[in-house]
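Reading through the structure tokens given below for one structure.
Every chain is numbered from 1, with letters handed out A, B, ... down the list of sequences.
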Amino acid sequence: MDNATIAQAMNDIALLLEIKGENPFKIRSYSNAGQTIEKMSTPIAVLVRENRLRDIEGIGDALEKKITELVTTGELEYLNELRGQYPKTILDLLKVDGLGPKSVKALYKALGIGSLDDLRQACEAGEVREVQGFSAKREQKILAALAFLEKQGGKFRLNTAWVTAAALCAYLVDNSPATRVEVAGSLRRFKETVKDIDIIAAADNTDEVMKAFLGWPEVARVVSSGPTKSAVVLKNGIPVDVRVVAPNQFPYALLHFTGSKEHNVVLRRRAAEQNLKLNEYGLFREDDTSLQCDNETEIYQALGLPFLPPELREGLYETDLCPPIQLVTQNDLLGMAHCHSTWSDGKNSIAEMADATRELGYHYLVITDHSQSSVYVNGLTPERVLEQHAEIDALNESADTGFRVLKGIESDILADGSLDYDSDMLRQFAFVIASVHSNFDMTEAEATKRIIRAIENPFTSAVGHLTGRLLLTRAGYTVNVDKVVDAAVANGVAFEINANPRRLDMDWRHLRRAAEKGARFVIGPDAHRVAGLRNMRYGIGIARKGALAPEHVLNCLGVEEFLQWRKGR
DNA sequence: GCCGTTTTCGGCCCGACTGTTTTCAGTCG
């Protein structure tokens with residue numbers, strides 16, 4: 001039994017106990033255990049075998065017994081019993097924004113609502129408003145939240161899909177005669193969410209590749225299977241298509257299945273203008289003889305076009321970017337921005353974050369813990385800021401490698417648009433990321449005004465996660481992006497591209513236009529632990545998708561220029 | 001349910017907003 005399954009069981013127990021109305025601290029114990037196990041690299045099954053479960057912080061007597069039972073028997077009586085008390089789908093209701101465990105319980109008791117469908121029908125019938133604690137207004141809010149959920153339904157975050165796709169590619173390389181295996185589709189284009197994974201493989205013996213794919217242990221259900229194309233749904237719910245082609249067809253298949261549809265239309269039209277025909281098998285002359293290209297670049301060349309990186313193939317830039325810009329790459333990034341430490345709600349010390357950042361090849365780290373208003377995440381009081389600065393000074397003095405830790409802060413933007421410290425305090429930071437973390441319920445005009453006021457604060461360096469969205473979960477507030485960008489350009493304030501795969505905010509769709517207006521960006525992993533530093537790859541992907549070059553991205557600057565840029569404020 | 005420990009039980013990140021149960025529970029971050 002893998003860690004994900006065990007973690008899921010712990011998390012389900014926590015949620016069911018919440019609906020039951022159990023002791024909140026007991027609930028937290030289960031939920032903490034779930035989160036810990038989810039992130040562990042050591043298989044829990046091994047720890048069970050070696051009798052070492054208790055070594056894990058947060059696992060005591062009771063959890064040790066339950067996890068052992070789950071791992072050894074494959075079942076957990078306690079969980080089964082909890083599940084038996086409610087409909088199978090009741091936990092889905094907790095995904096509805098604004099519905100917590102108490103509301104779910106009330107709706108279940110009063111109306112027997114146990115699924116999203118039940119909930120929608122009851123709202124539409126006007127039954128929900130009659131339940132104690134609900135109202136017509138709240139009913140409308142629930143319907144809106146349901147609509148949002150439905151729209152996002154069946155989609156997966158970029159990181160989930162990438163990790164899964166990488167595992168599958170590695171498996172096929174190791175266990176089939178495929179000579180090339182690559183990710184295609186919207187995942188290759190770095191869309192922030194995807195509905196499936198597309199994989200293209202090249203092999204002379206396609207049957208063997210298909211056999212290997214269908215035999216992958218992560219496959220839950222085969223939807224369709226044939227000699228060149230098979231579709232499955234994985235145990236984690238993600239649908240996967242694999243296509244296998246002859247090696248000489250590979251670049252065409254990769255291009256075709258990377259898409260987007262709009263991009264392919266542009267390419268095929270271009271081919272037609274030259275009396276050529278482009279499809280997933282090749283580029284053909286009128287007499288059906290084919291032009292052989294060995295890679296995508298050669299196909300673009302044959303069409304008289306510059307190579308367009310996959311991230312840009314959305315039907316937006318096909319004619320605009322000529323000559324093509326040099327997109328930002330991982331190698332261009334010198335600074336790690338927007339990181340938390342144990343001073344607020346991070347899990348690693350500043351020194352640990354710094355070591356990890358340096359090992360990843362960066363030259364400096366901007367520590368931006370939470371500000372004082374964010375009490376729930378241990379935000380820094382002015383006194384603690386000074387203590388933290390002393391620690392950073394000491395770290396920088398003891399470091400002999402030239403690596404630097406910079407004193408930043410993620411300051412809350414308060415409801416009126418002011419920042420969370422006075423000027424004397426703000427002056428002491430090398431970088432101030434101003435973010436909204438409260439009062440999300442704003443009209444567009446209010447949100448825009450609030451953020452512009454923060455931008456006009458002379459100590460603001462960048463606006464953090466512009467819309468506050470959580471992908472697949474929460475839409476975030478609406479902002480007039482044009483007005484905010486204009487204000488930021490006028491005041492020399494940058495925008496964060498939050499690289500946390502749950503956010504990827506600001507949205508890539510706005511980046512190019514903002515850059516053309518003169519906006520600058522900082523890619524921030526929003527890391528709360530060392531592992532979170534790896535989020536940078538998603539932020540870089542999004543920056544590329546927004547057609548940004550290194551000159552648009554502040555943390556491509558060396559440390560002195562980075563500091564200088566801020567002083568120019 | 002876990003932890004630390006004064007080895008038996010109290011503490012466990014806190015505050016703001018929302019809507020309406022008009023005094024606070026529920027939700028969110």
Side-chain angles (χ1 to χ4, degrees), chain A residues 9-11 13-37 53-68 76 78-79 82 93-107 109-110 128-142 144-145 340-347 369-381 384 410-416 420 435-442 446 450 464-465 467-470 473-477 498 500 502-503 505 526 528:
Chain A
M10 296 301 116
N11 289 329
I13 290 174
L15 294 171
L16 288 163
L17 290 177
E18 275 208 84
I19 292 174
K20 249 188 108 175
E22 259 283 5
N23 173 359
F25 298 107
K26 181 172 169 177
I27 294 167
R28 192 184 294 169
S29 297
Y30 280 100
S31 135
N32 283 345
Q35 285 178 28
T36 306
I37 292 169
L53 272 182
R54 292 293 293 270
D55 293 354
I56 304 171
E57 177 145 349
I59 294 192
D61 263 342
L63 281 170
E64 180 189 30
K65 283 205 185 75
K66 293 197 170 79
I67 293 169
T68 304
L76 181 50
Y78 182 59
L79 176 57
L82 278 171
L93 297 175
L94 291 171
K95 293 180 191 150
V96 179
D97 197 30
L99 279 194
K102 298 293 190 305
S103 303
V104 168
K105 184 183 187 180
L107 291 173
K109 280 192 85 171
V128 167
R129 69 184 68 179
E130 304 298 335
V131 179
Q132 181 92 349
F134 290 81
S135 64
K137 194 171 175 183
R138 191 146 181 227
E139 209 172 61
Q140 286 312 304
K141 274 189 119 173
I142 292 173
H340 297 269
S341 74
T342 44
W343 280 89
S344 64
D345 60 343
K347 300 296 179 219
D369 274 309
H370 287 285
S371 61
Q372 54 186 341
S373 291
S374 288
V375 183
Y376 58 96
V377 284
N378 198 20
L380 301 181
T381 59
R384 294 184 63 228
E410 183 178 17
S411 172
D412 280 3
I413 299 176
L414 305 179
D416 64 357
D420 202 12
S435 306
V436 170
H437 288 122
S438 59
N439 311 64
F440 281 65
D441 224 347
M442 299 175 278
E446 287 163 353
R450 180 177 176 188
H465 46 71
T467 70
R469 75 178 180 187
L470 292 178
T473 306
R474 182 176 72 192
Y477 40 84
N498 190 297
N500 185 318
R502 293 169 59 81
R503 294 190 184 272
D505 181 17
D526 204 348
H528 287 73

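Using Watson-Crick or G-U wobble geometry with both donor-acceptor distances under 3.5 Å, B:dT8 finds no partner in any strand shown.
Closest to the side chain of A:F25, from the set B:dT21, B:dG19, B:dG1, is B:dG1. Distances were taken from every side-chain heavy atom of A:N439 (C-beta onward) to each of B:dG19, B:dC17, B:dC3; the shortest belongs to B:dC17. Distances from the side chain of A:Y78 to the nucleotides B:dG1, B:dC17, B:dT27 place B:dG1 closest.
We find that CG of A:D420 is positioned 14 Å from P of B:dG15, with the value rounded to whole Å. For the pair A:L63 CG and B:dC3 C1', the computed distance is 13 Å after rounding to whole Å. In this entry the distance linking CZ of A:R54 with P of B:dG4 reads 11 Å, nearest Å. Rounded to whole Å, atom P of B:dG19 lies 13 Å from atom CG of A:D97. To the nearest angstrom, C1' of B:dC3 lies 14 Å from CG of A:N23. One can place NZ of A:K347 at 10 Å from P of B:dC13, the figure rounded to the nearest angstrom. Regarding A:D61, its CG atom lies at a distance of 10 Å from the C1' atom of B:dC2, rounded to whole Å. Rounded to whole angstrom, the span from the CG atom of A:L414 across to the C1' atom of B:dC17 amounts to 15 Å.
For the C1' atom pair drawn from B:dT8 and B:dG1, the interatomic distance equals 16 Å after rounding to whole Å. On the P atoms, B:dC12 is 15 Å away from B:dT5, given to the nearest whole Å. Taking atom C1' in both B:dA16 and B:dG11, one finds a spacing of 24 Å when rounded to whole Å. Comparing the P positions of B:dG10 and B:dT6 gives an interatomic distance of 16 Å, to the nearest angstrom. Across B:dC13 and B:dC9, the matching P atoms stand 22 Å from one another, rounded to whole Å. Taking atom C1' on both nucleotides, B:dC28 is separated from B:dT22 by 23 Å, rounded to a whole Å.
Taking 4.0 angstrom as the limit, A:N378 places none of its side-chain polar atoms (N or O) nearer than this to OP1 or OP2 of B:dC13. Between A:S103 and B:dT27, a side-chain N or O to OP1/OP2 separation shorter than 4.0 Å is present. Under 4.0 angstrom from either OP1 or OP2 of B:dC13 there lies at least one side-chain N or O belonging to A:R28. Phosphate proximity of B:dG1 to A:K66: present, with a side-chain N or O under 4.0 Å from OP1 or OP2. A:K102 has no side-chain polar atom (N or O) that falls below the 4.0 Å cut-off from OP1 or OP2 of B:dT27.
Between A:H370 and A:H340, the angle of the ring planes stays under 30°, which puts this pair in the parallel group of the 30/60° scheme.
At a threshold of 4.0 angstrom between heavy atoms, the contacts of A:P101 are confined to the sugar-phosphate backbone, with no base atom among them. Residue A:G98 is classed as a sugar-phosphate contact, given heavy-atom separations below 4.0 Å to backbone atoms only.
Toward the 5′ end of DNA chain B lies the nearest nucleotide of A:I27, the other residue of the pair A:V377 and A:I27 mapping further downstream. Comparing A:Y30 and A:H437 against DNA chain B, the residue whose closest nucleotide sits nearer the 5' end is A:Y30.
When every heavy atom of A:A9 is checked against every heavy atom of A:L79, the shortest pair comes out as CB-CD2, 3.8 Å.
Taking the side chain as every heavy atom from C-beta outward, A:I67 and A:M10 approach each other to under 4.5 Å. A:R138 has its side chain out of reach of A:V128: every pair of non-hydrogen atoms, C-beta onward, lies at least 4.5 Å apart.
A side-chain donor from one of A:S341 and A:D369 sits under 3.5 Å from a side-chain acceptor of the other.
Side chain of A:E64 to main chain of A:I59: no donor-acceptor pair is present (N/O by atom type, distance under 3.5 Å, no hydrogens or angles). Under the 3.5 Å distance criterion, the side-chain polar atoms of A:D505 are matched with a main-chain donor or acceptor of A:G468.
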